[in-house]
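Positions are given from 1 along the sequence.
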Amino acid sequence: ISLLEITTSEGLDSGTRLFFDQGKLTLQEDFSRSRGTTISVSNLFLNLPVRQKFLKSNEVESNQIWQTFLAIALSFQNVSFRYFEDERLICTASATDSKVDRIAQVFDFYLAKDLIPFEHVEEDFSVSGFTSNLQLTRYNKNQMYLFINNRSFRDSKITNAICNGYNQALPAQRFPV
């Protein structure tokens, strides 16, 4: 449903470049590059005009892709990421051992420094993460990222429970990060 290019190398003599057109491998070749993997998707829904009809505006679709990028980048802070949109570099996130550093890379330093870390350990499970102070709020719940075993998910009951935990401390129609 798109054009896909994957280049990858373990940093040895050479890597591999793969081209897919509508899911079919059209080219596989040796390719010289530095260590790492690059995945490029273009012409999404190229041959599916019916699906293209149901796409929202470019802005909405780009925002959904951006949210997916953020979720993956936040899950794997030990991997470097670069996000391009229309060949413009939007975000660079270098590999790091620190979740706070990754948050600063993909959002900003001020948000990262104002987050409050938390951790709770039980015999069968543990919960850890970051939450915002009362001054750091948003107009919607879109910047509430939830993960289980490094997999991003959305769940209205959990996000509502988190918001209820703030009780009356936040102004009306304001949400924690």
* Asked: Under 6.0 Å from the CD atom of E10, do we count more than 12 heavy atoms belonging to anything else shown?
  ->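 No.
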* To do: Might you confirm whether atom CG of N140 has over 12 heavy atoms from other residues, nucleotides or ligands at distances under 6.0 Å?
  =>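 Counting other residues, nucleotides and ligands, CG of N140 exceeds 12 neighbours.
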Mind listing the closest non-hydrogen atom pair of [X] and [Y] along with its distance?
X    : Y    : answer
N150 : S75  : O-OG, 3.0 Å
K157 : D155 : N-OD1, 3.0 Å
V127 : F118 : CG1-CE1, 3.7 Å
S42  : S2   : O-CB, 3.4 Å
S9   : S34  : CB-O, 3.7 Å
L134 : T137 : O-CG2, 3.6 Å

Return yes if some donor-acceptor pair links the side-chain N/O of [X] with the main-chain N/O of [Y] below 3.5 Å, else return no.
X    : Y    : answer
R17  : S32  : no
S98  : V100 : yes
S128 : E119 : no
Q77  : D101 : no

Measuring from atom [atom1] of [X] to atom [atom2] of [Y], what distance do you get when rounded to the nearest 0.5 angstrom?
X    : Y    : atom1 : atom2 : answer
Q143 : Q67  : CD    : CD    : 7.0 Å
N78  : T96  : CG    : OG1   : 9.5 Å
K24  : L4   : NZ    : CG    : 15.0 Å
L74  : F69  : CG    : CZ    : 9.0 Å
L115 : N133 : CG    : CG    : 8.0 Å

Are any of the side-chain heavy atoms of [X] and [Y] separated by less than 4.5 Å?
X    : Y    : value
T16  : F31  : no
L146 : S152 : no
I65  : Y83  : yes
L170 : F175 : no
I162 : K141 : no
D114 : V177 : no
I148 : R151 : no
W66  : C91  : yes

* So, R33 versus T38: side-chain donor-acceptor pair below 3.5 Å or not? ->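 Present: a donor and an acceptor within the cut-off.
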Indicate if [X] and [Y] have the same hydrophobic cluster label, given that clusters are the connected sets of ILVMFWY residues with side-chain heavy-atom separations under 4.5 angstrom.
X    : Y    : answer
F81  : L70  : yes
L111 : I116 : no
V106 : F84  : no
F109 : L136 : no
F76  : I6   : no

* Which ILVMFWY residues are connected to F19, directly or by a chain of links, through side-chain heavy atoms under 4.5 Å apart? ->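 Traced through the cluster, F19 reaches L27.
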* With a cut-off of under 6.0 Å to the ring centre and 45° to the axis, is R102 in cation-pi contact with F107? ->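 No, a cation-pi geometry is absent between R102 and F107.
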* Asked: Got a sec, which pairs hit salt bridge (Lys or Arg N to Asp or Glu O under 4.0 Å) with one end in residues 73-92, sequence neighbours left out?
  ->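 Sorted pair list comes back empty.
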* After noting the C-alpha distance and the side-chain angles of I158 and F153, does the key distance pass the side-chain contact (heavy atoms from CB on, under 4.5 Å) rule? -> CA-CA 10 Å; I158 293 175; F153 71 98; 3.7 Å; yes
